[in-house]
Every structure is written in structure tokens, then in C-alpha cells.
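The structure displayed is predicted, hence computed values, not measured ones.
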Amino acid sequence: MEGGQMDIRRFMLSCLAVLVLSGCAISIDEPNPQAEPDGEQAETEQDMTQDEQQTVEEEKTSKNMLTQIFEHFFEPSAEDLSQIDEENAKQLHYLALGDSLTDGVGDEYSQDGYVGRLADSLLTWPSISEVDVDNRGKRGRRSDQLLKLVKKGHYDEELQQAQLISLTMGGNDVMKVVKQDLFNLKRDAFDKELRTYKQRYSKIVEGIRAKNPTVPILLIGFYNPFSIVTNEANEFDTIITEWNNVIEEVASEDSNACYVSVEDLFDSNEELVYHTDFFHPNAKGYEKMTERILAAMEQCGMEEKINKAIGFEE
């Protein structure tokens with residue numbers, strides 16, 4: 001607001017206040033000190049009571065009018081609040097770790113999969129002026145490989161600077177078991193790998209926390225890519241669910257982590273969510289993932305956590 005406009009508003013406010021207050025001035029005659037007859041005295045007292053009640057009502061009216069005047073001239077408009085938010089908005093450092101889902105493999109529009117779409121969505125938040133994306137997703141990466149990188153300090157600087165981290169990890173661990181004995185798959189092999197996967201996944205999150213104790217983390221599950229071959233539930237669906245339960249359990253133990261389930265988004269290809277390789281999501285699939293991530297973030301209260309991480313104050 002410019003100085004001239006503020007002076008005019010103050011002047012108008014002063015004038016209106018004077019008019020309102022002057023219009024509410026009530027003069028109450030002092031009672032005659034001389035003795036009055038009983039009937040006249042009672043009538044006088046009744047008139048004074050009525051005058052006092054009228055005074056109270058008019059004072060309430062004047063206060064309401066003054067409140068409306070103040071709100072009209074000094075209550076910030078939606079446009080003013082938006083301008084304030086824009087001035088206070090902060091840059092967000094977003095680090096994406098993981099496998100081909102984080103890498104955006106299959107996205108025919110080359111928008112960085114869910115990572116790029118999530119960054120675009122975050123830009124609509126009034127607290128965020130810019131999203132600095134550091135996508136470290138790599139096709140084929142397994143939990144043992146990522147854990148080695150974290151332990152070696154490969155991402156130390158990135159982890160320390162991050163104000164939001166997302167992680168997809170587990171699909172390639174499962175595929176490793178499948179490839180080892182494709183034509184003689186046994187449930188025991190998946191159960192054994194699951195136990196070591198749980199240890200590695202927990203240590204990855206612990207490694208992140210060692211460098212950044214409070215950064216908000218999105219722990220995103222994965223899906224059964226073989227579900228499009230058959231519409232019937234099979235044992236492999238159960239295996240994927242159990243592995244996702246590990247991710248959800250780790251997230252539940254961290255107050256600044258949020259689990260995102262995407263398993264059901266890819267249980268068929270009726271909505272054409274798969275890339276032509278029938279393994280990775282296409283652009284539509286990544287859009288659905290992004291929608292699910294945003295819904296989970298709202299449920300987890302991630303906006304408040306991220307605002308705190310970037311130092312945004314309303």
C-alpha cells in the first residue's frame with residue numbers, strides 16, 4: 001500500500017469514527033434535587049432506566065460499526081495475503097533417491113516421472129518459490145547398492161542440504177530373486193531375501209537420519225508388474241504386499257516420514273498406466289503416482305513439516 005493511500009484511509013477512518021461516536025452521544029438529565037411526588041419519582045426512575053438501556057444498545061451499535069470500519073480499511077485482502085506469501089516464499093531443496101521409478105523410466109514425455117511432476121505440484125504451494133530438484137534415481141538399483149553409497153558418504157552433502165527426500169527401493173531386490181531361479185521359484189527364497197531387505201532398508205533410512213535428523217522423507221512402495229499378465233490374485237501379489245509392509249513399518253517409526261502405497265495403481269492396465277515394456281509406468285502412470293503421493297502427503301501433514309524445513313513463516 002502506498003503512503004498516500006494509507007494517509008487517505010487513516011483520514012477517512014478518523015472522520016467516520018468521529019461521526020459514529022458523536023452520533024452516539026447521549027445526554028441524561030440530572031434528577032431534580034428537590035423532592036418529587038412518589039408517582040413522579042417512580043416515573044423519572046423508569047425514564048432513566050430506559051435511557052440507560054438505550055445508551056447500552058447504541059454503544060453496542062457503535063462498536064459494531066467501528067469494527068466493520070476497521071475490517072474494511074485494515075483487513076488484508078486475498079491479494080494482499082498472496083503478495084505477502086510470495087515475498088516470504090522459500091526455495092525447496094528436493095533430493096530423490098531410488099531406482100527406475102525415481103529415474104522416471106517409461107515416461108514418454110520426459111518429465112522426470114513422478115519426481116518432476118511432484119516438483120511442479122509443490123510450486124503451487126504459497127510457501128515455495130522454487131524447487132531445486134536433485135534426482136539420483138538409477139535404473140536397476142537395489143537396496144544393497146544404495147546402502148553402500150550412503151555408508152561411503154557418497155550423498156553426504158546432498159543429504160545435509162535436502163529439505164525433502166523421496167525414496168523408491170525394493171523392486172529390483174525382488175527381481176533379483178526372480179532372475180536367480182526363474183523357472184523354479186520358491187517362496188522361501190523371497191522370504192529369505194525379505195529379511196535382509198528389511199535390514200538394509202532400515203539402515204538406509206538410518207544413514208539419511210545420521211546426516212539430516214529432521215528432513216521430511218517420502219517412503220514410496222512398489223507394485224507387482226506381473227499382475228497385468230493375469231487378473232487373478234496370486235502368491236506374487238502377497239509377496240509384494242509383504243515387502244511393502246516393511247517400508248510402511250519403517251515409515252511408522254519415523255515421525256517425519258510418510259509411507260506412500262502405489263501397489264493398487266498398477267494391478268491392471270485397464271487405464272493404460274504401463275509403458276510399452278509392460279514393466280514401468282508411462283506418463284499417465286506417473287501422474288497417478290504423483291496424485292497418490294500428494295494425497296499421502298496431505299494425510300501425513302507433510303506441508304507443515306516441509307514449511308518448517310524451509311523456514312517458511314505465515
Results of ring-ring contact (aromatic ring centres under 6.0 Å, His included) for Tyr286 - residues two or more places apart only: none

- prompt: Do side-chain atoms of Asn234 reach the backbone of Asp237 as a donor and acceptor pair under 3.5 angstrom?
  reply: yes

message: Do Asp120 and Leu122 make a side-chain contact, defined as non-hydrogen atoms from C-beta onward lying under 4.5 Å apart?
response: no

- prompt: Are Lys186 and Asp188 ion-paired here, with the side-chain N under 4.0 Å from a carboxylate O?
  reply: no

- prompt: So with a 6.0 Å cut-off around CD of Glu304, is the heavy-atom count from everything else above 12?
  reply: no

Any Leu97 side-chain heavy atom under 4.5 Å of Thr102 side chain: no

task: Name all residues meeting the salt bridge (charged side-chain N to carboxylate O under 4.0 Å, His left out) criterion together with Glu263; count only those two or more places apart in sequence or in a different chain, and write none if there are none.
output: none

- request: Search all heavy atoms of Val131 against all heavy atoms of Ala119 and return the closest pair with its distance.
  value: CG2-O, 3.7 Å

message: Would Asp99 and Arg142 count as a salt bridge (charged side-chain N to carboxylate O under 4.0 Å, His left out) here? Give the steps.
response: CA-CA 7 Å; Asp99 48 29; Arg142 301 186 308 270; over 6 Å; no

- prompt: What are the two closest non-hydrogen atoms of Leu159 and Ile165, and how far apart are they?
  reply: CD2-CD1, 3.7 Å

query: Would Val105 and Ile220 show up in the same hydrophobic cluster when neighbours are defined by side-chain heavy atoms closer than 4.5 Å?
result: no

- request: May I ask you to test the Met297-Ile293 pair for a side-chain heavy-atom distance under 4.5 Å?
  value: yes

message: With a 4.5 Å cut-off on side-chain heavy atoms, are Leu167 and Leu146 touching?
response: yes

query: Just wondering, do Asn244 and Ser261 contact through their side chains at under 4.5 Å, heavy atoms?
result: no

task: Kindly indicate, with the supporting measurements, whether the criterion side-chain contact (heavy atoms from CB on, under 4.5 Å) is fulfilled by Gln163 and Tyr94.
output: CA-CA 6 Å; Gln163 295 160 321; Tyr94 170 27; over 6 Å; no

- request: For residues Ile306 and Leu92, determine if any side-chain heavy atom of one lies less than 4.5 Å from a side-chain heavy atom of the other.
  value: yes

query: Given the rule in the side-chain contact (heavy atoms from CB on, under 4.5 Å) test, do Asp144 and Tyr197 qualify, once you have shown the distances and angles that lead to the verdict?
result: CA-CA 8 Å; Asp144 59 308; Tyr197 169 76; over 6 Å; no

message: How long is the straight-line distance from CZ of Arg117 back to OG1 of Thr290, given to the nearest 0.5 Å?
response: 6.0 Å

field: Member of Glu249, Glu248, Glu193 meeting the salt bridge (charged side-chain N to carboxylate O under 4.0 Å, His left out) criterion with Lys198
entry: Glu249

field: Close side-chain approach of Leu219 to Val260, heavy-atom, < 4.5 Å
entry: no

- line: Heavy atoms of Pro126 and Ala89 approach each other most closely as O-CB, 3.5 Å

- prompt: Under the salt bridge (charged side-chain N to carboxylate O under 4.0 Å, His left out) test, which residues partner Arg209, sequence neighbours left out?
  reply: Asp254

message: For residues Phe278 and Met289: do they belong to one hydrophobic cluster (side chain heavy atoms under 4.5 Å, members Ile, Leu, Val, Met, Phe, Trp, Tyr)?
response: yes

- request: Kindly say whether Lys211 contributes a backbone atom to a donor-acceptor pair with the side chain of Gln160 at under 3.5 angstrom?
  value: no

- prompt: Does the side chain of Glu242 reach to within under 4.5 Å of the side chain of Leu194, using non-hydrogen atoms?
  reply: yes

field: Crowding at CD, Glu108 (>12 non-hydrogen neighbours, <6.0 Å)
entry: yes

- prompt: Are Tyr114 and Thr168 linked by a side-chain donor-acceptor pair shorter than 3.5 Å?
  reply: no

task: For the residue pair Asn135 and Asp112, confirm or rule out a side-chain donor-acceptor distance under 3.5 Å.
output: yes

- prompt: Among Tyr223, Trp243, Phe190, which one satisfies ring-ring contact (aromatic ring centres under 6.0 Å, His included) with Phe236?
  reply: Phe190

message: Ser127 vs Asn307, test: side chain to side chain donor-acceptor pair (under 3.5 Å). Steps then yes/no.
response: CA-CA 7 Å; Ser127 57; Asn307 286 350; 2.6 Å; yes

task: Look at the side-chain heavy atoms of Ile, Leu, Val, Met, Phe, Trp and Tyr, link any pair under 4.5 Å apart, and say whether Leu272 and Leu265 land in one connected group.
output: no

query: Atom CD1 in Ile240, atom CG in Asp267: separation rounded to 0.5 Å?
result: 12.5 Å

task: Would you give the length of the straight line joining atom CD of Glu158 to atom CG of Asp134, rounded to the nearest 0.5 angstrom?
output: 5.5 Å

- request: Tell me whether the centres of the aromatic rings in Tyr274 and Phe266 are closer together than 6.0 Å.
  value: yes

- prompt: Applying salt bridge (Lys or Arg N to Asp or Glu O under 4.0 Å), which residue pairs with at least one partner in residues 286-302 are found, sequence neighbours left out?
  reply: Asp264-Arg292, Glu271-Lys288

- prompt: For the atom pair OH (Tyr155) and CZ (Arg136), what is the distance rounded to the nearest 0.5 Å?
  reply: 6.0 Å

query: Would Leu218 and Leu118 count as a side-chain contact (heavy atoms from CB on, under 4.5 Å) if you check the C-alpha gap in whole Å, the side-chain angles of each, and the deciding distance to 0.1 Å?
result: CA-CA 11 Å; Leu218 300 171; Leu118 177 59; 3.9 Å; yes

message: Please check if the number of heavy atoms outside Lys284 that lie under 6.0 Å from its NZ is greater than 12.
response: yes

message: Would you compute the distance between atom CG of Asn256 and atom CG of Leu164 and round it to the nearest 0.5 angstrom?
response: 11.0 Å

- prompt: Is it true that Arg187 and Asp191 make a salt bridge, defined as a side-chain N closer than 4.0 Å to a carboxylate O?
  reply: yes

query: Would you say Ser202's side chain and Gln199's backbone share a donor-acceptor pair under 3.5 angstrom?
result: no

- line: Of all heavy-atom pairs linking Ile310 and Gln91, the shortest is CG2-O, 3.8 Å

message: Using the rule given for side-chain contact (heavy atoms from CB on, under 4.5 Å), can you reason through Ile208 versus Ile217, listing the C-alpha separation, both sets of side-chain angles and the distance that settles it, and then say yes or no?
response: CA-CA 9 Å; Ile208 292 173; Ile217 307 177; 3.8 Å; yes

query: About how many Å separate CD of Glu303 and CG of Leu294, when rounded to the nearest 0.5 Å?
result: 10.5 Å

message: With disulfide bond (SG atoms under 2.5 Å apart) as the rule and sequence neighbours excluded, what pairs involving residues 270-314 come up?
response: Cys258-Cys300

Which donor-acceptor pairs under 3.5 Å do the side chains of residues 172-179 make with protein atoms, sequence neighbours left out?
from   : atom 1 : to     : atom 2 : distance (Å)
Asn172 : ND2    : Arg141 : O      : 2.9
Asp173 : OD1    : Ser143 : N      : 3.1
Asp173 : OD2    : Ser143 : N      : 3.4
Asp173 : OD2    : Ser143 : OG     : 2.6
Asp173 : OD2    : Arg200 : NH2    : 3.1

- prompt: Considering all heavy atoms of both residues, which atom of Gly113 and which atom of Asp107 are nearest to each other, and what is their separation?
  reply: N-OD2, 3.1 Å

field: Nearest heavy atoms of Ala162 and Leu95, plus distance in Å
entry: CB-CB, 3.9 Å

